[in-house]
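Notes to accompany the following structure.
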Protein chains: 2
Amino acid sequence: MKKTIVIVDDHILIAKALQGIIDNFAAFEVMYVCENGKELIKNFENSNKIPDILLLDISMPIMDGFETVTWVTAHHPEVKVMALSMQGEEKSVIKMVSNGAKGYLLKNAHPVELENALTKLNINGFFYPDWASKIIFSSLNKTKDAEIKISDREKEFLKYTVTELNYKEIADKMFCSPRTVESYRDQLCEKLELKTRVGLAVFAIKNGFA
Amino acid sequence: MKKTIVIVDDHILIAKALQGIIDNFAAFEVMYVCENGKELIKNFENSNKIPDILLLDISMPIMDGFETVTWVTAHHPEVKVMALSMQGEEKSVIKMVSNGAKGYLLKNAHPVELENALTKLNINGFFYPDWASKIIFSSLNKTKDAEIKISDREKEFLKYTVTELNYKEIADKMFCSPRTVESYRDQLCEKLELKTRVGLAVFAIKNGFA
DNA sequence: ATAAAATATGGGGTTTTCCCCATATTTTAT
DNA sequence: ATAAAATATGGGGAAAACCCCATATTTTAT
């Protein structure tokens, strides 16, 4: 009996193409593909449509990989989720794994690696390439960095740092005094070990706050 | 006789998966796949390895789609290049088309659309979905925007704008006077209709200069 | 319950950025 | 060939950002 797989990827061409590859594997077959997490949830309402393995793209418009893996882990923990992404960005790996992903594969892997990964995932219950394991282990050590908490108000401020508004104007938008805005800057600079607004703006963009 | 296709995409899994789809098409067959433009050029040195159609991903590490399509158009204008990308970002479309791409397809297309696109490309010599044509035509009107040229020196400066270096320090790195650095800023701000360094930094990141 | 931490605000001063003025050289285009 | 544009540099001043000081309130944690 072949193990069943569902692919979730908003790039239909890619999803279908992957399906073609997987359907040639002896031990696996694709049940169906979805464009996003929402669609997957709808399918999961039907108990006949729950697969053994979920191949999950991370960046999706409607309900992304992080949200989806969280939902699947909560509602169908028996489904093994393998994350599939372009780059192996540290934060994505940590976020996916801590939200329940059992495997992580890059899209620049070879088809044989995909088969190998699926097999390992099926037998061992998990599959992490060396580079991913490294990230996961090293993330356990530096709990300090993970402790950086950014308040809602600071997040709001970060949105404005990437604009050409000055602090006075940001204060107006945030209904507070310019001093307060400057204190957000100072606090964030301290936490993030930055010195300038440019540094904050770059941080905001690269970490999805803007 | 089937039309030959070469796929260039750094995500091997995707490239191979696409190959699987295309090889099922009656009129087309994949000759080989490459991970980047450099590899393609090496292959093109052998005249037996020049295909009818090139399926070209845009974002690649070594030699990206823009550079690659420029090279191919210059050296092998008979090869029809179809750009393949995640999103249909306006700037990417314009850049690819003005550099010689004859077609543009999103990765969230259906496999049938791919076959249709390849057929049209082969028969008509071009293929642009409606959304892409719209972008191309509207870009012809606002030639002003397209005329924005950023000099090498300004590009170098843009790299530094996203750092926490001040203009004095940037001047040291660029072996010029701080005034000169400030003139780069002023010129860029004028061209890009920006006012602050933060604006420049955001521009630099979003447009791949940093 | 009480201390610690986070939030919000202010005064005042230094540095950096922004923006006006201008000039000499080099490159590009007609 | 000559004008226009781009490059590189400078002076000086206004505005913004940075950074020290401090305080009152609220929230969080032990």
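All chains are named by letter (A, B, ...) in the order of the sequence lines, taking the proteins before the strands, and each is independently numbered beginning at 1.
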Rounded to whole Å, the OH-P distance (B:Tyr167 to D:dA16) equals 15 Å

Contact class for B:Glu190 vs. all strands (heavy atom < 4.0 Å): base, sugar-phosphate, or nothing? nothing

Paired to C:dT16 by Watson-Crick or G-U wobble criteria (both distances under 3.5 Å) is D:dA15

What's A:Arg197 touching, base or sugar-phosphate or nothing? Going by heavy atoms closer than 4.0 Å. sugar-phosphate

Next on the checklist: Less than 6.0 angstrom separating the ring centers of A:Phe44 and A:His75, yes or no?
Outcome noted: no

When rounded to whole Å, the CZ to C1' distance for the pair B:Arg185 and C:dT17 reads 6 Å

Side-chain N or O of A:Ser151 less than 4.0 angstrom from OP1 or OP2 on C:dA6? no

Exercise. Just call it for B:Glu164: base, sugar-phosphate, or nothing, with non-hydrogen atoms closer than 4.0 Å on any strand.
Key: nothing

Quiz item: Looking only at side-chain N and O atoms, does A:Tyr184 come under 4.0 Å of OP1 or OP2 in C:dT7?
Solution: no

Taken to the nearest whole Å, CG/A:Asp152 to P/C:dA6 is 15 Å

- Ignoring backbone atoms, test whether A:Thr180 places a side-chain nitrogen or oxygen under 4.0 Å from the OP1 or OP2 oxygen of C:dT9. yes

Whole-Å distance, A:Leu194 CG to D:dC19 C1', equals 15 Å

>> Within the 4.5 Å heavy-atom criterion, are B:Lys102 and B:Val81 side-chain neighbours or not?
In response: no

Please determine whether the number of non-hydrogen atoms from other residues, nucleotides or ligands lying under 6.0 Å from atom CD of B:Glu190 exceeds 12. no

Quick note, B:Arg179 side chain, CB onward, closest among D:dC18, C:dT7, D:dG12 is D:dG12

Applying the 3.5 Å cut-off to both distances, the Watson-Crick or G-U partner of C:dA6 turns out to be D:dT25

Next on the checklist: If you count heavy atoms of other groups shown closer than 6.0 angstrom to CZ of A:Phe126, is the number above 12?
Outcome noted: no

Between CG of A:Leu165 and P of D:dA17 the distance, given in whole Å, is 10 Å

Side-chain N or O of B:Thr196 versus OP1/OP2 of C:dT17: is the shortest distance under 4.0 Å?
no

From CD1 of B:Ile170 across to P of C:dC18 the rounded distance in Å is 10 Å

Among the nucleotides C:dA8, C:dC18, C:dT7, whichever has the atom closest to the side chain of B:Glu182 is C:dC18

When all nucleic acid strands are considered with a 4.0 Å heavy-atom cut-off, which category describes A:Ser177: base, sugar-phosphate, or nothing?
-> sugar-phosphate

Rounded to whole Å, the CG-C1' distance (A:Asn166 to C:dC19) equals 15 Å

Exactly one of A:Thr4, A:Ile53, A:Asp52 clears side-chain contact (heavy atoms from CB on, under 4.5 Å) with A:Phe28, and that residue is A:Ile53

For B:Lys195, report the nucleic acid contact type (base, sugar-phosphate, nothing); a contact means any heavy atom under 4.0 Å.
sugar-phosphate

A:Lys168 NZ to D:dA16 P, in whole Å, measures 10 Å

Subject >> Geometric class of the B:Tyr104/B:Trp131 ring pair [parallel <30°, tilted 30-60°, perpendicular >60°] >> reply: perpendicular

- Give A:Arg153 one of three labels, base, sugar-phosphate or nothing, depending on what nucleic acid heavy atoms sit under 4.0 Å from its own. sugar-phosphate

Residue pair A:Glu169/B:Cys176 against DNA chain D: nearer the 5' end by closest nucleotide is B:Cys176

Against the side chain of A:Asp186, the closest entry in C:dA8, D:dA17, D:dC19 is D:dC19

